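What follows is a short report on a single structure.
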Amino acid sequence: MEESWGSGYKEYVAGLIAGVATVIVGHPFDTVKVKLQKHNTEVHGIRYKNGLHCTARILRTEGVRGLYRGATPSFLGMAFESSLLFGIYSQTKQLLQGGVQSGGPQPNVIIPSAAFGGSIISFVLCPSELVKCRMQVQGTDSLVPKSVRYTSPLDCALRTVKQEGVMAIFRGGSTTFLREAIGNAVFFSVYEHVRYYMHLKLKAASSDHSNLIDMGIGIVSGGLGGVAVSILTALHFYFFLLCFSFTLILFYLLCFLVLVSCSTFGCCKNHYPDCSR
């Protein structure tokens, strides 16, 4: 039991460090993405040609600091979120396994553990992402008047709560909940399987491999897991459009069948215009 908690403690610390590293490396890319999404939909705002053009303009007008605009809530949110995710995932997985270590990855253990961890962290991630995005869209090219811009992430959070209510800080919470639950289930499934089979191949080739190789396996496994989540995120929009179109077709088909039925049996003989309307 003591060993289990010791291992869990390491997972929390590892997650904390991973969260900080993720923000340091990934936040500039996220800033460019948010600016491309925001500015390229505004009528009178500057339009960026591509990611490179956006990055170059941010560096020229705002410096490196511009790429890390809104990074404070990301550092706090991602560090806490990542630590919580890895810790909860590890503890839940051990609980479902009953303390018995399996030889290979078990989807019936990995998926619920990862989904549970993802659903918990969504409550931390949603407010920090909202503040981050609102801070990121403020910059030299922003159409937001300087008089109403947020001076800091704390100012953004406080003004959001004051002007829009407490629930405003959790806007988009249900989407974040689903994204994190499903996304982490996919991520950890890919991560655990790739990591296991890579270790298996290395052991078959050579029984002696260094910690550096273990780190490399972890990076590759995590990278492929991230790619899988990115593909899922991109596809879910098209899946939504497909479902919406299918529902719309069914609705019109149902209306047509009702009209045909009414005209055939004469139940709407005197009210046919009302039915068609």
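Please read these numbers as outputs of a predicted model, since none were measured by experiment.
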Report task. Hey, could you give me the CG/CG distance between L67 and L59, rounded to the nearest 0.5 Å? Result -> 4.5 Å
**Report entry** Pair H27-R69, side-chain contact (heavy atoms from CB on, under 4.5 Å): steps then yes or no
**Finding:** CA-CA 9 Å; H27 192 81; R69 187 177 296 276; 5.6 Å; no
Report summary line: Separation between CZ (F187) and OG (S221), nearest 0.5 Å, reads 8.5 Å
Query - Which atom of I110 lies closest to which atom of P105, heavy atoms considered - result: CD1-CB, 3.7 Å
Query raised in the report: Within the side chain of T92, is there an N or O that forms a donor-acceptor pair under 3.5 Å with the backbone of S113?
Result: no
Report task. Would you name the heavy atoms of A168 and L130 that are closest together and state the gap between them? Result -> O-CD1, 3.4 Å
Query raised in the report: Which ILVMFWY residues are connected to L158, directly or by a chain of links, through side-chain heavy atoms under 4.5 Å apart?
Result: L154
**Report entry** Side chain to side chain, M78 and V20, heavy atoms closer than 4.5 Å
**Finding:** no
Query raised in the report: Taking the side chain from T176 and the backbone from C126, do they hold a donor-acceptor pair closer than 3.5 Å?
Result: no
Report task. Enumerate the residue pairs fulfilling side-chain hydrogen bond (donor to acceptor under 3.5 Å, both in side chains) with a member in residues 120-131, sequence neighbours excluded, ordered by first and then second residue. Result -> E129-R179
Requested in this report: Side-chain contact test, heavy atoms from C-beta onward, threshold under 4.5 Å: evaluate it for T31 versus Y68 and give yes or no.
Outcome: no
Query raised in the report: Stepwise, does the side-chain contact (heavy atoms from CB on, under 4.5 Å) test hold for K93 with E192?
Result: CA-CA 12 Å; K93 192 170 71 167; E192 293 280 11; 2.9 Å; yes
Query - From I182 atom CD1 to F177 atom CZ, the distance as rounded to the nearest 0.5 Å - result: 9.5 Å
**Report entry** Side-chain donor/acceptor of D155 to backbone N/O of T151, under 3.5 Å
**Finding:** yes
**Report entry** OG on S83 to CD1 on I17, rounded to 0.5 Å
**Finding:** 9.5 Å
Requested in this report: Drop me the distance from R60's CZ to T55's OG1, to the nearest 0.5 angstrom.
Outcome: 11.5 Å
Query raised in the report: What is the minimum heavy-atom distance between S189 and I111, and which atoms define it?
Result: OG-CG1, 3.5 Å
Query raised in the report: Would you say the side-chain atoms of H193 pair up with the backbone N or O of Q106, donor to acceptor, closer than 3.5 Å?
Result: no
Requested in this report: Kindly check if the number of other-residue, nucleotide or ligand heavy atoms within 6.0 Å of CZ (F80) is above 12?
Outcome: no
Report summary line: Between V190 and A228 the two heavy atoms that sit nearest each other are CG2-CB, 3.8 Å
Report task. Would you please name every residue forming a side-chain hydrogen bond (donor to acceptor under 3.5 Å, both in side chains) with T160, sequence neighbours left out? Result -> R134
Query raised in the report: Y150 and L76: same hydrophobic cluster, using ILVMFWY side-chain contacts below 4.5 Å?
Result: no
Report task. Return the set of residues passing side-chain hydrogen bond (donor to acceptor under 3.5 Å, both in side chains) with E81 (not counting sequence neighbours), or none when no residue passes. Result -> none
Query - Between CG on residue L16 and CG on residue L85, distance to nearest 0.5 Å - result: 12.5 Å
Query raised in the report: Does the side chain of T22 come within less than 4.5 Å of S82's, by heavy atoms?
Result: no
Requested in this report: Take atom CZ of F116 as the centre, draw a 6.0 Å sphere, and report whether it contains more than 12 heavy atoms from other residues, nucleotides or ligands.
Outcome: no
Requested in this report: Output yes when R57 and E62 qualify as a salt bridge under the 4.0 Å nitrogen-oxygen rule, no when they do not.
Outcome: no
Report task. Kindly write out the residues that satisfy salt bridge (charged side-chain N to carboxylate O under 4.0 Å, His left out) with R195, not counting sequence neighbours, or none if the list is empty. Result -> none
Query raised in the report: Can you check whether M135 reaches T72 side chain to side chain, under 4.5 Å on heavy atoms?
Result: no
Report task. Show the numbers, then the answer: is there a salt bridge (charged side-chain N to carboxylate O under 4.0 Å, His left out) between R171 and E164? Result -> CA-CA 10 Å; R171 185 169 289 137; E164 304 172 46; 2.7 Å; yes
Query raised in the report: What pairs with F188 under ring-ring contact (aromatic ring centres under 6.0 Å, His included), at least two apart in sequence or on another chain?
Result: F86, Y89
Query raised in the report: Would a distance-only check, ignoring hydrogens and angles, find a side-chain to backbone donor-acceptor pair under 3.5 Å from H53 to K49?
Result: yes
Requested in this report: Please report the shortest heavy-atom distance between A157 and V131, naming the atom on each side.
Outcome: CB-CG2, 4.1 Å
**Report entry** Minimum heavy-atom distance between N184 and G118, given as atom pair plus value
**Finding:** ND2-CA, 3.6 Å
**Report entry** Single-linkage hydrophobic cluster L36~I58, side-chain heavy atoms < 4.5 angstrom
**Finding:** yes
